[in-house]
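These numbers come from the heavy atoms of this one structure, side chains and all, not from hydrogens, waters or symmetry mates. Quantities reported herein were computed from a predicted structural model and do not represent experimental measurements.
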Amino acid sequence: MASSPSVVLSSPPPTSKDGSRFIDSNYLQKQSHVPANFKWPEEDAASAQEELNAPVVDLEGFFNGDVVATENAAKLIRSSCLRHGFFQVTNHRVDADLIQLAYDHVDDFFNLPIEEKIKVQRRPGSPYGYSGAHMDRFLSNLPWKETFSFAFQDGPDKIVADYFKFTISKDFEQTGLVYQKYSEAMHSLSLSIMELLAIGLGVDRMLYREFFEDAVSIMRTNLYPTCQEPNLSLGTGPHCDPNALTILHQDLVGGLDVFVDNKWHKVRPVLGALVINIGDVFAALSNGIYRSCLHRAAVNSHKERRSLVFFMCPRADKVVKPAEELVCKSEGGTRKFPDFTWSDLLEFTQNHYRVNETTLENFTDWFLSADRSNFKPTHFKTSH
């Protein structure tokens, strides 16, 4: 759960001009030992030994209007979503040169002095901005990374490009244009995947595409520095994403793990593929038929890792509720979750709860609670 930070580290972190202390990759990669606040429980940080055998779905037939290929792709996606909510896609029509260009610009921001990065520090209650190891939110189990997140909505206004140019500086105008194009490509791909999810669930093919056309999503760049004791820490702890759908491009360093059959599995980077996982919002839209993907990010001692993540989210005031035919297909024909909006879930995860594998269950308890201010989780994470 979020708390006002009072972090005690084995050596003092850098201090900004106003006296505040912040963590970034320059500090982390100089540590010969993992500071106490960055250590994770052994059951969470234990190395994955096996590789995940998850489907790699070829989207070419879908984009070409091939009915048989589309049905086969939807079946592959359905099988993975019933089991763990994770798959990869190829022939996704996102230009490889655009992906590479997006990576070329990752370090432009992260290499700035800490005093410059914190000018766009993430504010309380907001998912947008810069965060160094989430020190602004948590006291322990800190992630070995720094992130930079910004909003995207499809339309005539180039909000990503303008954010970089006017909020950071004019020097980042080109970076903003690159991430504007990248976010547009991710949004378009997300809508296509929504069609395949609908086909697999047996509902109207356009149901989810139309629901998410006006999505206000989150684009994020991650930097995971090297860590000299990688079995003690994590780049991102075990969690399910609270949004609807996540599209990740991981570099060839690797580090993504998925929890399946009561153990962690490594996800080998597939050249040219994009990683897709189901989040809590879509789990609720499917009335729990499809599963949120439990995953984490490992770190290593040899090479720093970068990733690009697009979190598709509904518009803040859209009501999240499953189609009636999915309720009828569920055990007992009952609703698993109440109607809620993305703004409700975002408030919970930003102000009241640290996301993990039981976020949706605990959110439901909080949302239905008569006294939200005294909420105490009743669903606890499983032992790994």
Side-chain angles (χ1 to χ4, degrees), residues 59 62-63 77 81 89 92-94 98 102 122-123 125-129 149-167 176-201 203-220 241-248 274 276-287 290 292 308-326 337-350 360 363 367:
L59 297 182
F62 166 80
F63 284 122
I77 291 171
C81 291
V89 295
H92 41 66
R93 296 197 172 177
V94 180
L98 176 59
R122 187 166 63 185
R123 301 302 178 193
S126 170
Y128 309 123
S149 309
F150 40 93
F152 170 78
Q153 185 172 25
D154 194 38
D157 296 330
K158 305 300 183 184
I159 64 172
V160 175
D162 289 346
Y163 178 77
F164 275 80
K165 181 179 179 180
F166 298 114
T167 305
L177 290 171
V178 169
Y179 286 124
Q180 178 75 42
K181 290 180 180 178
Y182 187 86
S183 299
E184 289 169 355
M186 292 296 107
H187 175 76
S188 178
L189 177 59
S190 296
L191 294 179
S192 296
I193 292 170
M194 285 297 168
E195 286 189 48
L196 289 165
L197 291 170
I199 293 169
L201 283 168
V203 297
D204 183 277
R205 175 171 175 156
M206 302 303 288
L207 178 65
Y208 303 126
R209 172 181 272 275
E210 292 173 354
F211 185 83
F212 286 100
E213 277 181 343
D214 57 358
V216 182
S217 297
I218 303 167
M219 180 66 212
R220 175 173 297 167
D241 293 334
N243 54 290
L245 187 78
T246 301
I247 304 180
L248 164 75
L274 290 167
I276 313 293
N277 70 260
I278 298 299
D280 287 336
V281 165
F282 199 86
L285 283 172
S286 73
N287 202 40
Y290 281 2
S292 296
L308 307 168
V309 195
F310 184 81
F311 301 102
M312 180 174 242
C313 315
R315 199 182 67 208
D317 60 348
K318 281 281 185 75
V319 177
V320 176
K321 62 182 296 185
E324 284 302 319
E325 55 261 52
L326 297 182
F337 310 102
D339 291 358
F340 64 90
T341 65
W342 171 239
S343 61
D344 295 324
L345 182 54
L346 192 61
E347 179 190 350
F348 180 68
T349 58
Q350 292 297 311
L360 193 52
F363 164 72
F367 188 67

Sub-4.5 Å side-chain heavy-atom contact between Ile159 and Gln153: yes
Answer yes or no: is there a donor N or O on one side and an acceptor on the other, between the side chain of Lys318 and the main chain of Phe211, under 3.5 Å? yes
Is the number of heavy atoms from other residues, nucleotides or ligands within 6.0 Å of CD (Glu324) greater than 12? no
Would Tyr128 and Tyr163 count as a ring pair (Phe, Tyr, Trp, His ring centres under 6.0 Å) here? Give the steps. CA-CA 11 Å; Tyr128 309 123; Tyr163 178 77; 8.2 Å; no
Could you measure the distance from the OH atom of Tyr182 to the CD1 atom of Ile247? Nearest 0.5 Å is fine. 8.0 Å
With Ser292, the side-chain hydrogen bond (donor to acceptor under 3.5 Å, both in side chains) member among Asn243, Thr246, Asp241, Asp280: Asp280
Kindly compute the distance separating CD1 (Ile276) from NE2 (His92), expressed to the nearest 0.5 Å. 8.5 Å
Ser126: which residues meet the side-chain hydrogen bond (donor to acceptor under 3.5 Å, both in side chains) condition with it, sequence neighbours left out? none
Checking the side chain of Ser183 only, and the main-chain atoms of Gln180 only, is there a donor and an acceptor separated by less than 3.5 Å? no
Just so I know, are the side chains of Leu196 and Leu59 near enough to count as touching, which here means a heavy-atom distance under 4.5 Å? yes
Does the side chain of Leu197 come within less than 4.5 Å of Cys81's, by heavy atoms? yes
Rounded to the nearest 0.5 Å, what separation is found between the CZ atom of Arg209 and the CG atom of Asp204? 12.0 Å
Indicate yes or no: at least one non-hydrogen side-chain atom of Phe337 is less than 4.5 angstrom from one of Val320. no
Mind checking whether Phe310 and Ser190 have side chains closer than 4.5 Å, heavy atoms only? yes
For Phe152, enumerate each residue passing the ring pair (Phe, Tyr, Trp, His ring centres under 6.0 Å) test, keeping only those at least two apart in sequence or located in another chain. His187
By salt bridge (Lys or Arg N to Asp or Glu O under 4.0 Å), Glu184 pairs with (sequence neighbours left out) Lys158
Do Phe282 and Met312 have side-chain heavy atoms sitting under 4.5 Å apart? no
Per the side-chain contact (heavy atoms from CB on, under 4.5 Å) rule, which among Leu189, Ile193, Asn277, Leu191 passes with Leu245? Ile193
Do Val160 and Met219 have side chains that get closer than 4.5 Å, going by heavy atoms? no
Where does the angle between the aromatic ring planes of Phe150 and Tyr179 fall among parallel (under 30°), tilted (30 to 60°) and perpendicular (over 60°)? tilted
Between Thr349 (side chain) and Leu346 (backbone), is there a donor-acceptor pair under 3.5 Å? yes
